Amino acid sequence: MSVDDWHVYLLRTRHDTLYTGIATDVARRIREHEAPGARGAKYLRAKGPFRLEYQARVGAREIALQVEHRVKRLSRAEKERLIAESPAAGELLGRLGIE
């Protein structure tokens, strides 16, 4: 794993809400969210199972944090459009104004 292996991801909960997160290993992070205990996000407790809707490798942690913040600020419709279009990382960064 490199310091530039950070991904942003969107999960859909069983209640049809969307959750945005970052991780170096998305599959592991989803398992942590689904497992009982304190390793998963508090917001996601008892909302699984989850479906991974989108992920993109965005690079360094600092960039991933910026992407996560900006995606979280998108409207539901904008997030759904992002999922439907599944842009590559470069296009995602451009859309969010991150270079």
Side-chain angles (χ1 to χ4, degrees):
M1 178 184 69
S2 161
V3 295
D4 293 335
D5 280 343
W6 285 85
H7 295 76
V8 64
Y9 63 91
L10 278 93
L11 296 179
R12 189 175 305 273
T13 70
R14 70 178 170 167
H15 303 295
D16 199 35
T17 61
L18 294 171
Y19 173 83
T20 305
I22 61 171
T24 55
D25 182 340
V26 175
R28 176 190 47 81
R29 189 66 181 130
I30 292 170
R31 287 191 305 272
E32 290 174 352
H33 288 313
E34 290 179 327
R39 297 224 29 128
K42 189 182 281 189
Y43 173 83
L44 292 176
R45 291 194 185 138
K47 293 183 180 167
F50 309 110
R51 186 170 67 230
L52 178 63
E53 295 287 353
Y54 174 75
Q55 76 173 357
R57 182 179 166 273
V58 294
R61 184 173 189 268
E62 295 77 24
I63 296 171
L65 287 167
Q66 289 178 40
V67 172
E68 178 187 32
H69 177 74
R70 293 193 187 173
V71 170
K72 283 183 174 183
R73 295 182 65 195
L74 297 176
S75 70
R76 167 81 182 218
E78 290 169 321
K79 290 176 187 175
E80 293 288 0
R81 190 168 33 257
L82 182 71
I83 291 166
E85 295 172 359
S86 294
E91 183 180 342
L92 175 65
L93 295 176
R95 284 185 188 189
L96 298 173
I98 300 170
E99 297 302 322

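Note that this is a predicted model, so its numbers are computed, not measured. We count residues from 1, following the sequence as given.
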**Q** Quick check on the hydrophobic clustering: are V26 and Y54 connected, directly or via other members, by side-chain heavy-atom contacts under 4.5 Å?
**A** no

**Q** Partners of R70 by side chain to side chain contact (heavy atoms under 4.5 Å, CB included), sequence neighbours excluded?
**A**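 Per chain and number, R70 pairs via side chain to side chain contact (heavy atoms under 4.5 Å, CB included) with L96, I98.
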
**Q** Can you list the residues that meet the salt bridge (charged side-chain N to carboxylate O under 4.0 Å, His left out) rule with R14, with sequence neighbours excluded?
**A** none

**Q** Spell out, yes or no, whether L74 and L93 are grouped together once hydrophobic residues are joined by side-chain heavy atoms under 4.5 Å, including indirect joins.
**A** yes

**Q** Please report, to 0.1 Å, the donor-acceptor pairs under 3.5 Å made by any side chain of residues 78-89, with sequence neighbours excluded.
**A**
residue : atom : partner : partner atom : Å
E78     : OE1  : S75     : N            : 2.7
E78     : OE1  : S75     : OG           : 3.2
E80     : OE1  : R12     : NH2          : 2.9
E80     : OE2  : R12     : NH1          : 3.0
E80     : OE2  : R12     : NH2          : 3.4
E80     : OE2  : R76     : NE           : 3.1
E80     : OE2  : R76     : NH2          : 3.1
E85     : OE1  : R95     : NH1          : 2.9
E85     : OE1  : R95     : NH2          : 2.4
S86     : OG   : I83     : O            : 2.9

**Q** Under the salt bridge (charged side-chain N to carboxylate O under 4.0 Å, His left out) rule, what do R29 and E32 come out as? Steps first, then yes or no, please.
**A** CA-CA 5 Å; R29 189 66 181 130; E32 290 174 352; 2.8 Å; yes

**Q** Please list all pairs meeting side-chain hydrogen bond (donor to acceptor under 3.5 Å, both in side chains) that have one or both residues in residues 59-68, counting only residues at least two apart or in different chains.
**A**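 Found E68-K72.
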
**Q** Residues two or more places apart in sequence or in another chain: which of them pass ring-ring contact (aromatic ring centres under 6.0 Å, His included) with H33?
**A**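 Applying ring-ring contact (aromatic ring centres under 6.0 Å, His included) to H33 gives Y19.
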
**Q** What pair of heavy atoms forms the shortest contact from V58 to I63, and how long is it?
**A** O-CG2, 3.6 Å

**Q** Does any non-hydrogen side-chain atom of L92 lie less than 4.5 Å from one of V8?
**A**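 The answer is yes, as the side chains (C-beta and beyond) meet within the 4.5 Å cut-off.
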
**Q** Given side chains that start at C-beta, do those of V67 and I22 come closer than 4.5 Å, heavy atoms only?
**A** no

**Q** To the nearest 0.5 Å, what is the distance between CG (D16) and CZ (R51)?
**A**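 So the CG of D16 and the CZ of R51 are separated by 7.5 Å.
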
**Q** State which residues pass side chain to side chain donor-acceptor pair (under 3.5 Å) with T13; sequence neighbours excluded, sorted by chain then number.
**A**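 If we apply the side chain to side chain donor-acceptor pair (under 3.5 Å) test to T13, skipping adjacent residues, the hits are T17.
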
**Q** Applying side-chain contact (heavy atoms from CB on, under 4.5 Å), run through Y9 and L52 and close with a yes or a no.
**A** CA-CA 7 Å; Y9 63 91; L52 178 63; 3.9 Å; yes

**Q** Cation-pi check, K47 to Y43: give yes when NZ or CZ is under 6.0 Å from the six-membered ring centre and within 45° of the ring axis, no otherwise.
**A**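 Output yes; distance and angle both within limits.
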
**Q** Can you name the closest pair of heavy atoms from W6 and A64 and give their distance?
**A**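 It is CB-CB, 3.7 Å.
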
